[in-house]
2 protein chains.
Amino acid sequence: MSSELEQIRQRYVESAGHLSQSIGLGRSLGQIFMHIYLSPEPQTLDDLTRELEISKGGASMAVRQLEQWGAVRRVWIKGRRKDYYEASEDFGRVIRKALLDVIGRRMEVTDGLIEDAEKVLAGKNNGDKDWKFMKRRIRKLRTFRDRARWIWDRSIVKLLLK
Amino acid sequence: MSSELEQIRQRYVESAGHLSQSIGLGRSLGQIFMHIYLSPEPQTLDDLTRELEISKGGASMAVRQLEQWGAVRRVWIKGRRKDYYEASEDFGRVIRKALLDVIGRRMEVTDGLIEDAEKVLAGKNNGDKDWKFMKRRIRKLRTFRDRARWIWDRSIVKLLLK
DNA sequence: CTGCGCGTTCAATCTATATTGAACGTATCA
DNA sequence: TGATACGTTCAATATAGATTGAACGCGCAG
């Protein structure tokens, strides 16, 4: 492949790496996807370790993540023993799956905590000013949490499905 | 303040710290906001460093970030020299500002790269298979980038404004 | 003007997490 | 049934970036 073409690809790989790094997914995830996406031929783990200078273990894990999000798919080439990967062009689907996965996981983290505290607070219902304040704030927190979840489930997810 | 109340607050502070850490904002940002939010009285930087055991420098920077997002506001108490902070209850506005800030910044990162490469590719328009492939992929990338920006600007932002 | 009490800055340090790579399990081929 | 060529795992390591804290500037009180 022409070296000028190679240069362009490298620039994209680098950029994708920075981007995925900046959103907290690690550099190699973006690099790997972009490399596969800009490769005319399906790529193997060895191709990735060689071209991107990353470890085999890392490549293996990243590729599995990308596969779960539908960003790459495994293709079998008969006669070959290795796994070959090619990129999906359906970015919409990929982003949707990744968002649902990543953000959905994050929203679960907060579950449980608010309910627990509200139970304690309900028991201790004396007229104390500070307890009242705490109750009001935590009720407000819960209201917002519920609304956020609703918007996420009913509106954002729906929007992403288009 | 009752120590039981104090315990509840500490649990929330800890959780908020974990949450903000997990979304890549650092632990202290979440801790600080939650501490102020659950405090009946406006808090000073010294209060924060004492209660949360964080450095003054860090508290100063985090509070400034929270102020920019409208999550806390500075209040003057006459006769006092220190800055006092109290929390906003309008989470919707806060989240909106933070998202627009954080994600907006991220979307700018990718600008420029695609255009540059397309110019190079347009020049080298020979019939070569690999060049054609690269062109198609990058065009697709650009199409998606444009669509993503459109959805962000026209739909998500609009949704958040409610 | 001087000293003090603040908030801010930023190079040094620490830490959460991404990445590595040797050891391992597994499937394929002779 | 080995032998080999893979992909996977996970404890060890490296690194990005969050946090610290000493030095600083500024404004107010005396």
Side-chain angles (χ1 to χ4, degrees), chain A residues 13-36 42-68 72-85 98 102 105-106 109, chain B residues 13-36 42-68 72-85 98 102 105-106 109:
Chain A
V13 165
E14 197 188 329
S15 271
H18 287 321
L19 183 61
S20 78
Q21 173 124 270
S22 84
I23 59 181
L25 296 174
R27 186 174 16 143
S28 58
L29 208 82
Q31 287 184 329
I32 288 176
F33 174 74
M34 189 56 84
H35 176 83
I36 296 177
Q43 298 291 102
T44 67
L45 289 188
D46 276 343
D47 294 334
L48 296 172
T49 59
R50 185 170 10 85
E51 303 281 342
L52 304 175
E53 298 180 5
I54 59 179
S55 72
K56 212 174 174 188
S60 172
M61 292 188 298
V63 153
R64 194 143 25 95
Q65 178 70 276
L66 289 172
E67 215 182 346
Q68 279 180 359
V72 303
R73 57 179 156 269
R74 203 178 307 198
V75 294
W76 275 273
I77 297 186
K78 69 174 175 184
R80 306 295 183 100
R81 307 254 314 263
K82 297 184 181 186
D83 292 344
Y84 287 77
Y85 295 93
V102 171
R105 225 203 304 281
R106 296 281 152 74
V109 173
Chain B
V13 165
E14 197 188 330
S15 271
H18 286 320
L19 182 61
S20 79
Q21 172 122 272
S22 84
I23 58 181
L25 297 175
R27 185 175 16 146
S28 58
L29 208 83
Q31 287 183 329
I32 289 176
F33 175 74
M34 190 58 83
H35 175 85
I36 297 177
Q43 298 292 102
T44 67
L45 289 189
D46 276 343
D47 294 335
L48 296 172
T49 59
R50 185 169 10 83
E51 303 281 342
L52 304 175
E53 297 179 6
I54 60 180
S55 72
K56 214 175 173 187
S60 172
M61 291 189 298
V63 152
R64 195 142 25 95
Q65 179 69 276
L66 289 172
E67 215 183 347
Q68 279 180 359
V72 303
R73 57 179 155 269
R74 202 179 306 199
V75 294
W76 275 273
I77 298 186
K78 68 175 178 185
R80 306 295 184 100
R81 306 257 311 267
K82 296 183 181 187
D83 292 343
Y84 287 78
Y85 295 92
V102 171
R105 226 202 302 282
R106 296 282 151 75
V109 173

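Numbers restart at 1 for each chain; the letters A, B, ... are given by sequence-line order, proteins then strands.
Spacing between atom CD of B:Glu67 and atom C1' of C:dT8 amounts to 13 Å, rounded to whole angstrom units. With rounding to whole Å, B:Asp83 atom CG is found 12 Å from D:dC28 atom P. Rounded to whole angstrom, the span from the NZ atom of A:Lys82 across to the P atom of C:dC29 amounts to 15 Å. One atom, CZ of A:Arg80, and another, P of D:dC6, lie 10 Å apart when rounded to the nearest Å. Distance B:Leu45 CG to C:dT9 P: 12 Å, rounded to the nearest Å. Between the C1' atom of C:dA16 and the CD1 atom of B:Ile23 lies a distance of 16 Å, rounded to the nearest Å. Taking atom CG of residue B:Leu52 and atom P of nucleotide D:dA18, one finds them 18 Å apart after rounding to whole Å. A straight line from NE2 of A:His18 to C1' of D:dT15 spans 14 Å, rounded to a whole angstrom.
In this model, the phosphate group of C:dT9 is approached by a side-chain N or O of B:Arg64 to a distance below 4.0 Å at OP1 or OP2.
Of all the heavy atoms in A:Leu48 and A:His35, the pair that sits closest is CD2-CD2, 3.5 Å.
Between A:Leu45 and A:Ser60, the closest side-chain pair of non-hydrogen atoms falls below 4.5 Å.
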Assess the residue pair B:Ile54 and B:Ile32 against the criterion (side chain to side chain contact (heavy atoms under 4.5 Å, CB included)); give the C-alpha distance rounded to whole Å, side-chain angles, the decisive distance to 0.1 Å, and a yes or no.
CA-CA 10 Å; B:Ile54 60 180; B:Ile32 289 176; 3.6 Å; yes
Pair B:Arg73-B:Glu67, salt bridge (Lys or Arg N to Asp or Glu O under 4.0 Å): steps then yes or no:
CA-CA 6 Å; B:Arg73 57 179 155 269; B:Glu67 215 183 347; over 6 Å; no
Write down the protein N/O and nucleotide N/O pairs, taken from nucleotides 19-28 of chain C, whose separation is under 3.5 Å; answer none if there are no such pairs.
residue, atom, partner, partner atom, Å
C:dT19, OP1, A:Arg27, N, 2.8
C:dT19, OP1, A:Ser28, N, 3.1
C:dT19, OP2, A:Ser28, OG, 3.0
C:dT20, OP2, A:Ser55, N, 2.9
C:dT20, OP2, A:Ser55, OG, 3.2

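A:Lys56 is linked by a side chain to side chain donor-acceptor pair (under 3.5 Å) to nothing, counting only residues two or more places apart in sequence or in another chain.
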Identify all side-chain donor-acceptor contacts of residues 17-26 of chain A below 3.5 Å with residues at least two apart in sequence or on another chain.
residue, atom, partner, partner atom, Å
A:Ser20, OG, A:Gly17, O, 3.4
A:Ser20, OG, A:Gly26, O, 2.5
A:Ser20, OG, A:Arg27, O, 3.4
A:Ser20, OG, A:Gly30, N, 3.1
A:Ser22, OG, A:Leu19, O, 2.9

